[in-house]
Amino acid sequence: MYSEKVMDHFTNPRNVGEIADADGVGEMGNPQCGDIMRIYVDIEGDIIKDIKFKTFGCGAAVATSSIVTEMVKGKTITEALEVSNKTVAEALGGLPPLKMHCSNLAADALHAAIKDYFAKNIKE
Amino acid sequence: MYSEKVMDHFTNPRNVGEIADADGVGEMGNPQCGDIMRIYVDIEGDIIKDIKFKTFGCGAAVATSSIVTEMVKGKTITEALEVSNKTVAEALGGLPPLKMHCSNLAADALHAAIKDYFAKNIKE
Amino acid sequence: MRKIYLDHSATTPVDEEVAEIIRIYYTEKYGNPSSIHSFGREAKKALEEARLRVASLIGAKPEEIIFTSGGTEADNLAILGVAGAGQSKGGHLIISAIEHHAVLETAEYLAKMGYELTILPVNAEGIVELDSVGKALRPDTILVSVMHANNEVGAIQPIEEIGRIVREHGAVFHVDAVQTVGKIPVDVEKLGVDLLTMSAHKIYGPKGVGALYIRKGVRISSLLHGGSQEKKRRSGTENTPGIIGFGKACQLAAQRMTEEAEKLKKLRDMLLNGIVERIDCVKINGPLGDLRLPNNVNVSINFVEGESLLLSLDMLGIAASSGSACTSGSLDPSHVLLAMGLSHEVAHGSLRFSLGRQNTVEDIDHVLEHLPEIVERLRAMSPLYHQAAKKK
Amino acid sequence: MRKIYLDHSATTPVDEEVAEIIRIYYTEKYGNPSSIHSFGREAKKALEEARLRVASLIGAKPEEIIFTSGGTEADNLAILGVAGAGQSKGGHLIISAIEHHAVLETAEYLAKMGYELTILPVNAEGIVELDSVGKALRPDTILVSVMHANNEVGAIQPIEEIGRIVREHGAVFHVDAVQTVGKIPVDVEKLGVDLLTMSAHKIYGPKGVGALYIRKGVRISSLLHGGSQEKKRRSGTENTPGIIGFGKACQLAAQRMTEEAEKLKKLRDMLLNGIVERIDCVKINGPLGDLRLPNNVNVSINFVEGESLLLSLDMLGIAASSGSACTSGSLDPSHVLLAMGLSHEVAHGSLRFSLGRQNTVEDIDHVLEHLPEIVERLRAMSPLYHQAAKKK
Ligand SMILES: Cc1ncc(COP(=O)(O)O)c(C=O)c1O
Ligand SMILES: Cc1ncc(COP(=O)(O)O)c(C=O)c1O
């Protein structure tokens, strides 16, 4: 069902956790449909210095959350915004068709976190 | 499918053949439906002295023809007329349901032969 | 790695004795039962013996059993068959909210075709309440279909009582007994049913074989047209090896049922109690005690999602199932859990262990040893758990 | 007693290799392919491998194969499915006069439901004539169903040519290839078919397993509702062991087909010629040479009845079949022989020997040694023979 890469990220997810007083927090999904991803970012300049996630969901949800943090940690915001749900799925060696549109929300959550960071910064 | 008795009569049919210038001949069925039985009788007084049959048909057709000749040979006409398709089937230890109404015509052929004998005798 | 199979409600291993008899009818006694030669007659004879064995297990007459390609076909045949035999193209159908998809979707298909459909609710334990049946019945009700025990939460339904109500009304009463046959006593006379569905692969028989009991006198139209097999009610060359295997499985089930049920109930309660003791925020789904299938354990583990639980268990060699949407191929979690009033969120975190003949106390200990750490790991990852902890 | 099985068109013994793989998936790798744990994934993987093997044998893509409970279900699914997918409840169907009952009775069922049905005649050799197809097609024709080779007389139909005519028209083209798959090359592209029926138990695979090839883009409604198996087109827990066995059987057939066909053709012609040489008043039914299935022998032996022939052969251990009414459960003899213009009387005396993998020259010799005495004995008993002799 899942690629080895998915299983690896599910079994040993990278960057699990929360960042207290994170610069940005993004959440996608809802418990009704069985997936919630929350991504925390700390940003210095335009670099994503730290990123952590918490996910309630299936194997694909956990793995996409995990790999997206790995893909953008230390990268620029511009690079992070280029990451899409599609490139996340590709980085995992593909996802089962059903999971492509239901549990593949990690890039969206990441973008929401960045948006949150911008929103906070503009307010200040 | 068939009882042992049926198979016995099918394999070793009794009284197969024709009687030249028989006192009565009866035929039942038609080649369309896959069964024809012809029964020949010689009658002395009211006793069936000799009886023979020829049958085109399935195992049940052959076996009913065979046993009916055995059942009435040497018996009186009255006794022969009491033999029915049902008693023939019983004498064979039963027939498969489908065969009960399609290949079980031997008693009818016998009665037709006796009728033929009467018809000839009345004419004379 | 040690493998522990705890998904017997999904399917069971075929008993070795059953497998051997099937092999013989595949390779040696392979005749087509419609053939009149010795190969055919040999197969026909064994087929009819199997019919007798299947009938015996449910107190039916052999001529009331039609073999099908499984429980799904039997459910379809029952429901579409009753509708097809009706005079008018229409009428009213009643099913329960917790039916298997084979009943549910067939009834919904008929609803699309113009039939009216009433879906009976269940209580929080997953049991149909009797007064709802009486209320739902209408003069034009042609069929009532209520399963004997639910496959997800193991809730045994008051079939005998429902049967009495339906019989008084005169509608045809269908019972999907796929999960009870061979596990608890099933007697079509006592239960008062007209049609009853069975499936071989849930009782250590082969996949792709089932049966529909059709009470003498109940008219149903057939689904498959063609040869005149099964007295013209189900065409197609009979799966003789499978059917004979089914017969054997029924015979073995009859012999072992009482003893096995006792054993399974002990293991079931060990597992249920163990989970509740070791993990907090857990809800048992379905009734306790004698209203529960002897082999069913179903719990909702809050704040975690079912598929993640399954994958984690699987990595330890433990096979279970879940009512999570992720495992059903749809977006919604189990319709059964939702009908019982669970929230989507809680339903997503449900876990079913269905026990079987081979399971041991060691298997249960193994699960109880590892499940808490799995839950802990997933909860640590879950944004919901943290929130809940904070709220406390 | 030595047993000679010559009824391979009715069913075949399961190949030992196939039986062994089935046993493994019954007792060891028994997971339900819908389950996400390792047992389920293992079954799912093997299921998809089997799909690939089945598809390969007929030049299809794996996603174009749906597994069913046999040829009968596949035929029903094709015909009812095309009708059900149509916009209107009605339309025109075309089938040939020599179709298997699974096609014939399904089409007749639809005719009763309001569809119009044209039945294409066949010539004296049992072959559909091309111009009849063109003439039968109408603007409202939704489906044409012509079998690849007839199961009784072995007549191979001009499917490729019919396909061309049907494709031009735009109707859906269904071909029942139960008797050709694995025996002669079948390629869905070359034949130009939209739907094609297969059955495992005719090619040394298990009974109760078949498949329908559905060309990508062809819409059919499903027969069985329920789980979402086979991409929702065929519900019910997959008979994984059976399907995997079918896949293996297809693989073996692909490897052995050419060689086997050569061998069978020789045995076939030996038997056909031998019968004609040794028995008078015999008619060969069906075409000779390459238009005939490699394994089919069908003769009418005048003045005797088929069941009697079969019983007599059976007592010598020889298993064959007949087009006699007595063996079909109906009052009429084979509709195929009647469609070819045989009289009832002659049709009743037909005998089919269908050869298979295990048959040898000795088997044929054995039949040729005994058949003449059997015929002689039955003719001596037959009132028709005597008449015929007298007429001469
Ligand atoms: C209650 C119930 N009904 C019907 C079925 C369908 O039976 P089958 O798997 O034989 O198609 C199942 C199992 O899947 C079931 O649990
Ligand atoms: C030409 C043909 N079509 C369909 C079938 C039906 O297939 P099954 O026996 O798998 O139901 C058969 C065999 O009985 C057949 O010979």
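Order of the sequence lines sets the chain letters (A, B, ...), proteins ahead of strands, with each chain counted from 1. What's counted below: heavy atoms across the whole structure, side chains too, no hydrogens, waters or symmetry copies. Here the structure is a predicted model, which is why all the values come from computation and not from measurement.
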Just checking [X]: does its [atom1] atom have more than 12 heavy atoms from other residues, nucleotides or ligands closer to it than 6.0 angstrom?
X       : atom1 : answer
K3(C)   : NZ    : yes
E376(C) : CD    : no
E362(C) : CD    : yes

What's the separation between atom [atom1] in [X] and atom [atom2] in [Y], rounded to the nearest 0.5 Å?
X       : Y       : atom1 : atom2 : answer
S308(C) : F56(A)  : OG    : CZ    : 8.5 Å
L378(C) : T55(A)  : CG    : OG1   : 11.0 Å
R38(A)  : M381(C) : CZ    : CE    : 14.5 Å
M1(A)   : D314(C) : CE    : CG    : 8.5 Å
C58(A)  : H348(C) : SG    : NE2   : 10.0 Å
I36(A)  : E305(C) : CD1   : CD    : 11.0 Å

Which portion of M37(A) sits near chain C, non-hydrogen atoms under 4.5 angstrom: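 Answer is neither: M37(A) stays 4.5 Å or more from chain C.
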Check each atom of T11(A) against the heavy atoms of chain C and say whether the ones under 4.5 Å are side chain, backbone, both or neither.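 Answer is both: backbone and side chain atoms of T11(A) are under 4.5 Å from chain C.
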Considering non-hydrogen atoms only, spot the tightest contact between K54(A) and P383(C) and give its length.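 Shortest heavy-atom contact: C-CD, 3.7 Å.
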Given heavy-atom pairs under 4.5 angstrom as the criterion, report whether the side chain, backbone, both or neither of S312(C) touches chain A.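 Backbone plus side chain of S312(C), per the 4.5 Å heavy-atom cut-off to chain A.
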Is it the backbone or the side chain of A380(C) that comes under 4.5 Å from a heavy atom of chain A, or both, or neither?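 Contact with chain A involves the backbone of A380(C) alone.
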Does NZ or CZ of R377(C) lie under 6.0 Å from the centre of the six-membered ring of F10(A), at an angle within 45° of the ring axis?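 Geometry flag: set, cation within 6.0 Å and 45°.
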Output the option from G17(A), G59(A), A60(A) having the highest count of non-hydrogen pairs under 4.5 Å with chain C.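 Answer, by heavy-atom pair count under 4.5 Å with chain C: G59(A).
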